[in-house]
Protein chains: 2
Amino acid sequence: MVADPLSRVFSALADPTRRDIVARLAVADATVNELAAPYDVTVQAVSKHLKVLEDAGLVSRSREAQRRPVHLEAEVFDLMTKWIERYRRQAEERYRRLDDVLRDMPDAVLPQEGTPS
Amino acid sequence: MVADPLSRVFSALADPTRRDIVARLAVADATVNELAAPYDVTVQAVSKHLKVLEDAGLVSRSREAQRRPVHLEAEVFDLMTKWIERYRRQAEERYRRLDDVLRDMPDAVLPQEGTPS
DNA sequence: TCCTCGTTCAACCTCGCGGTTGAAGAAGAC
DNA sequence: GTCTTCTTCAACCGCGAGGTTGAACGAGGA
């Protein structure tokens, strides 16, 4: 994947299995085998999912004997929340201004009660 | 797409062009032609992007003569932020508890200053 | 040393995504 | 009515994502 960081994070979390992995890693670190156990896919498939999460910066893998404990890196969430909040605020600001406009010219725009249509 | 709502929203925002469309719609509603103008892809491709955003619940399209003004629906953002905040809090809670553990047994775990390695 | 366990690499397959072109609908404008 | 504009539908293409199997690698344990 040669996409921008934001696309990588959104794309990584667009898969339900990967979101579930993130949810479980929020509770405790785990190895690939442990993570793969609940799903009916091969360990290799889960390893690929973890690579996607790692490329997105959502998890990190250390080394501990043969095991590679997977650890959740929650800081990257900020990237998304910042993006989301920015445009949500902007959209809400629009509504607020629209309300102002409607309040300033109620006769022209707002349907008046009792006005025959 | 027959995916769950959360996957649809994350997936919809995983594309930079679609994120840009959302950013522009946060400023003002726009028609398909207006939205397509800045990009060097066909109008049909942009129409497909809008369908993805619509299926995710991020935009709605009304009818106004031949035009179909596109409107941003910011409420769906909540789906994502709720999911993100939940696991971010959980992860931060883990760090907090880990700090407590380390504070309770500093000799066993924490590297002591001046301790020969 | 050899064996076993946990993990990843390599090759392959299928399917859906983002793009194209071309045609069809929908709703004014003439 | 016909024409024009805006938009979407249909068919197609290339490519990458998610899955598989099989083999290789890395690091203890016997």
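The sequence lines fix the lettering, A, B, ..., with proteins before strands; numbering per chain opens at 1.
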Practice item. Please report the shortest heavy-atom distance between Arg24(B) and Glu34(B), naming the atom on each side. Key: NH2-O, 3.1 Å
Practice item. Remember a base hit wins even if backbone is also touched, and classify Lys51(B) as base, sugar-phosphate or nothing at under 4.0 Å, heavy atoms. Key: nothing
Check your understanding: Can a side chain N or O of Arg67(B) be found less than 4.0 Å away from OP1 or OP2 on dA26(C)?
Key -> no
Practice item. Tell me whether the OP1 or OP2 atom of dC17(C) has a side-chain N or O from His49(B) closer than 4.0 Å. Key: no
Review point. Side chain of Arg63(B): nearest nucleotide among dG18(D), dT21(D), dA26(C)?
Key: dA26(C)
Check your understanding: Should the pair Phe10(A) and Phe10(B) be assigned to parallel (<30°), tilted (30 to 60°) or perpendicular (>60°) ring geometry?
Key -> tilted
Check your understanding: Is any side-chain nitrogen or oxygen of Ser47(A) closer than 4.0 Å to OP1 or OP2 of dT8(C)?
Key -> yes
Practice item. Give a yes-or-no answer on whether the side chains of Ser7(B) and Asp4(B) include a donor-acceptor pair shorter than 3.5 Å. Key: yes
Practice item. Could you check which of dT20(D), dT8(C), dT7(D) has an atom nearest any side-chain atom of Val41(A)? Key: dT20(D)
Revision key, fill the gap. note: Leu35(A), atom CG; dG6(C), atom P; distance rounded to Å ~ 14 Å
Review point. If you look at every strand shown and take non-hydrogen atoms under 4.0 Å, does Thr17(A) touch a base, only sugar-phosphate, or nothing?
Key: nothing
Check your understanding: Under 4.0 Å between a side-chain N/O of Asn33(A) and OP1 or OP2 of dC5(C), yes or no?
Key -> no
Practice item. Considering only NZ, NE, NH1 and NH2 on the basic side and carboxylate oxygens on the acidic side, decide whether Asp29(B) and Arg94(A) come within less than 4.0 Å. Key: yes
Practice item. Round to a whole Å and report the spacing from CZ of Arg68(A) to C1' of dC5(C). Key: 15 Å
Study note, to complete from the structure: Whole-Å distance, Asp15(A) CG to dC15(C) P, equals 18 Å
Review point. Once you round it to whole Å, what is the distance between P of dT8(D) and CG of Asp55(B)?
Key: 12 Å
Review point. What is the distance from CG of Leu50(A) to C1' of dC9(C), rounded to the nearest Å?
Key: 15 Å
Review point. Does the base of dG22(D) carry an N or O that pairs as donor and acceptor with the side chain of Gln44(A) under 3.5 Å?
Key: yes
Point to revise | First encountered from the 5' end of DNA chain D, between Val32(B) and Lys48(B) | key: Val32(B)
Practice item. Determine, for Lys51(A) against Asp55(A), whether the closest basic-nitrogen to carboxylate-oxygen distance falls under 4.0 angstrom. Key: yes
Practice item. Measure from CG on Asp40(B) to P on dT20(C) and round the result to the nearest Å. Key: 8 Å
**Study point:** Nearest to side-chain heavy atoms of Val43(B), which nucleotide of dT8(C), dT20(C), dT8(D)
**Key:** dT8(D)
